[in-house]
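Each remark here refers to the structure printed beneath this line.
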Amino acid sequence: MTTQDIQLHVALPDGSIRDYPAGSTGLDVALGISEGLARNVLAAKINGQVQDATRPIEVPADGSAVTVQLLTWNDLEGKSTFWHSSAHLLAEALESLYPGIKFAIGPPIENGFYYDVDFEGKHFSQEDFKKVEDKMLELARQKNEYVRKAVSKADAIAYFEEKGDPYKIDLLENLADGSITFYTQGGFTDLCRGPHIPNTGFIKAAKLMNVAGAYWRGDEKNKMLTRIYAITFPKQKELDEYLVLLEEAKKRDHRKLGKELELFAFSEKVGQGLPLWLPKGALLRERLENFLRRAQVRAGYSPVVTPHIGSKQLYVTSGHWEKYGADSFQPIRTPEEGEEFMLKPMNCPHHCEIYKTKPRSYRDLPLRLAEFGTVYRYEQSGELHGLTRVRGFTQDDAHIFCRPDQVNDEFKKVIDLVLYVFKSLGFSDYSAQVSLRDPDNGTKYIGTDENWDKAETAIIEAANEKGLKTVMEKGEAAFYGPKLDFMVRDALGRKWQLGTIQVDYNLPERFELEYTGADNQKHRPVMIHRAPFGSLERFIAILIENTAGNFPLWLSPDQIAILPISEKYETYANDLFFTLQEADIRGFVDLRDEKIGRKIRDAEVAKVPFMLIVGEKEAAEGTVSVRRKGEGDLGSMTIAEFTALFQEQVKV
RNA sequence: GCCUUCUUAGCUCAGUGGUAGAGCACUUCCUUGGUAAGGAAGAGGUCGUCGGUUCAAAUCCGAUAGAAGGCUCCA
């Protein structure tokens, strides 16, 4: 290698600079470091841009160093490249098994990838998974290279016209000539910007996860395609581990645990999406409500109660009728007068009317009205999901009516409250999302641009001042105002909105809310809508999945189980039960004719935090033998000692 | 709402054309047992519902209800 050959300066992530001949690829760079690395390189990140590891790295005209990061399975971008290439492999397998099917898009996702396919009436279901997986692995073993080729738009269109792939042509319509590339591996060529892994041989394990319908371009007016979800791995062992992980996650599913722990149920007769809270679930709910009630008293909220129905006119005024009339249960009519009432889909209009019950002075503000308000919404049947998406649910709702100069401060106080709630319940893995309006879709919203700008600025400023790490999402706002949403994941990794805080300049206008200022003039208050839990139902669902049903002591429906060794100690057990009940400790006595081992096992399975075993010794000494769920025997102690231990652990 | 799949005892599930089965739970009896399942017996299902094909349907076909995974939606 002569000096003239060295033209490419590569800056590696560790800060070192290495020189390579012009025309070197990411793989060459890897080879220069170690052969092991070269075997594992999936793609290369060149100056921040991910590209094929097999593609020559462009030498900058000014001779400056190029930053190169070699991506492997351990990098998120390496994984997504791997899965993107796997999507092509899936398509190749499908095409060879079902010639003539049409392909739409096949992107990588968080866990794996999917490909949208038009089977044109051909049936495809889970029974076909195995042969597709086998075909994929068979093609993978051929170690076919992913070959990149730039094509003109005309040639690209001609190719897919010849092949008869209308979706690809549709995609091409929106692409600029000169930027179009094809990738070919084995016998399959796809329109694709790349990048891809070097060859199919990296893919050692493949599993189709499920099939689902998906509208072309996500528009329900378009044809529904078949979406095939799949995942691949560079090692069979990793697939096995992933499947075990999925099984574990399913055990935490709130629908499963809710049934097992007798927290809630659904009944066909009652109606879909309408949860029935069983005694234990209701207890849990009540404790959560009381927890927040106490926090809200400290934060200066005033509880209010409003009816479950409201005149349709109320919602015409608020704008909910116009925006969500079709998504609400239709109005109930009184038989004589023909008045129309709606099951309330929102509490805010009721609270606005409470505000209006008397003239308000600037001295009265902020006025914080809080209610555990149960609302009903006609959610699409296909969208209902356990407790996370239901048709009747209770919001821990409150509306803060304040002066414009109080908005920032009030908003920050609400952020504090939401974070306090999350922290108390052990939710550390949340993300904060600023949900803004979609500037291209004005008809979705009510209110003036000026008010929207004010509201959006207020949220962003308050979030920044609180040092919250936020992501901005356009088009996610409520129709009357922007939101700060707190998102948490469920056991299967799906994101749900829990807490929400919304600034609203619009409803005060619609309801003509006023207060008298220090200047003796009428002014318009600003509303902040907020719900730290969001909905009790959804919050509890996520709580169940986060804790796998092992609730903190203060929330446990049954905090103790008293387990007499035999029926001889029944009286002592019952006396103990009443004593502890006096100390506000809740639970039950297991009087079944079973051995102690059995009673312990059943209490453990029912996830009861404390087991109190009483027999001859305890009855004689006035003690209890304490066992903590998941930990085991703590030894015997007096009832007073146990009560003290309990009080220590029951604190929020 | 749309696509795919599923629905058998209280729960978890087996049973693919010849009129239903297991484990757990439940009831009764025996057992009075000291830190994760003591033993025995019993009871329990018009196989989601309605209709069709068939000599015969849990099983095949259609409709309908509910559930699951997605898509669209989500105040």
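Remember, it's a predicted structure, so these values are computed and weren't measured experimentally. Residue numbering restarts at 1 for every chain, and letters A, B, ... go by the order of the sequence lines.
- Per the geometry, CD belonging to Gln380(A) stands 9 Å off P belonging to C74(B), to the nearest Å.
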Stepwise, does the side chain to side chain donor-acceptor pair (under 3.5 Å) test hold for Asp170(A) with Trp216(A)?
CA-CA 10 Å; Asp170(A) 195 353; Trp216(A) 169 234; 2.9 Å; yes
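- Cation-pi geometry between Arg628(A) and Phe610(A) is met: the NZ or CZ atom falls under 6.0 Å from the ring centre, inside 45° of the normal.
- In this structure, Ile600(A) places its CD1 atom 15 Å from C1' of G38(B), rounding to the nearest Å.
- In terms of phosphate contacts, Gln272(A) brings a side-chain nitrogen or oxygen within less than 4.0 Å of OP1 or OP2 of A67(B).
- The stretch residues 493-511 of chain A touches RNA chain B through Arg494(A), Gln502(A), each having a heavy atom within less than 4.0 Å of the strand.
- Interface residues of residues 558-567 of chain A facing RNA chain B, ordered by number: Ile565(A), Ser566(A), Glu567(A); criterion, heavy-atom separation under 4.0 Å.
- Across all strands, Lys599(A) comes closer than 4.0 Å to no nucleic acid atom at all (heavy-atom distances).
- Evaluation of the ring-ring contact (aromatic ring centres under 6.0 Å, His included) rule for Phe486(A) yields Phe422(A) as partners, not counting sequence neighbours.
- Rounded to whole Å, the P atom of A43(B) lies 35 Å from the corresponding atom of C6(B).
- Distances shorter than 4.0 Å separate some side-chain N or O of His385(A) from OP1 or OP2 on G69(B).
- Arg377(A) has no side-chain polar atom (N or O) that falls below the 4.0 Å cut-off from OP1 or OP2 of C74(B).
- When the ring-ring contact (aromatic ring centres under 6.0 Å, His included) test is applied to Tyr355(A), the partners found at least two apart in sequence or on another chain are Phe401(A).
- For G44(B) and A9(B), the P atoms lie 15 Å apart once the distance is rounded to whole Å.
- For residues 317-329 of chain A, proximity to RNA chain B is found at His320(A), Tyr324(A), Asp327(A), Ser328(A), defined as any non-hydrogen atom under 4.0 angstrom from a strand atom.
- Less than 4.0 Å separates RNA chain B from at least one heavy atom of each of the following residues of residues 211-225 of chain A: Val211(A), Ala212(A), Gly213(A), Ala214(A), Tyr215(A), Gly218(A), Glu220(A), Met224(A).
- Whole-Å rounding puts the Asp633(A) CG to A36(B) P distance at 9 Å.
- When the nearest nucleotides of RNA chain B are assigned to Leu492(A) and Lys259(A) by heavy-atom distance, the more 5′-ward of the two goes with Lys259(A).
- In this structure, of G1(B), A75(B), G33(B), it is G1(B) that holds the atom nearest to the side chain of Ser381(A).
- Using a 4.0 Å heavy-atom cutoff across all strands shown, Arg227(A) reaches sugar-phosphate atoms only and no base atom.
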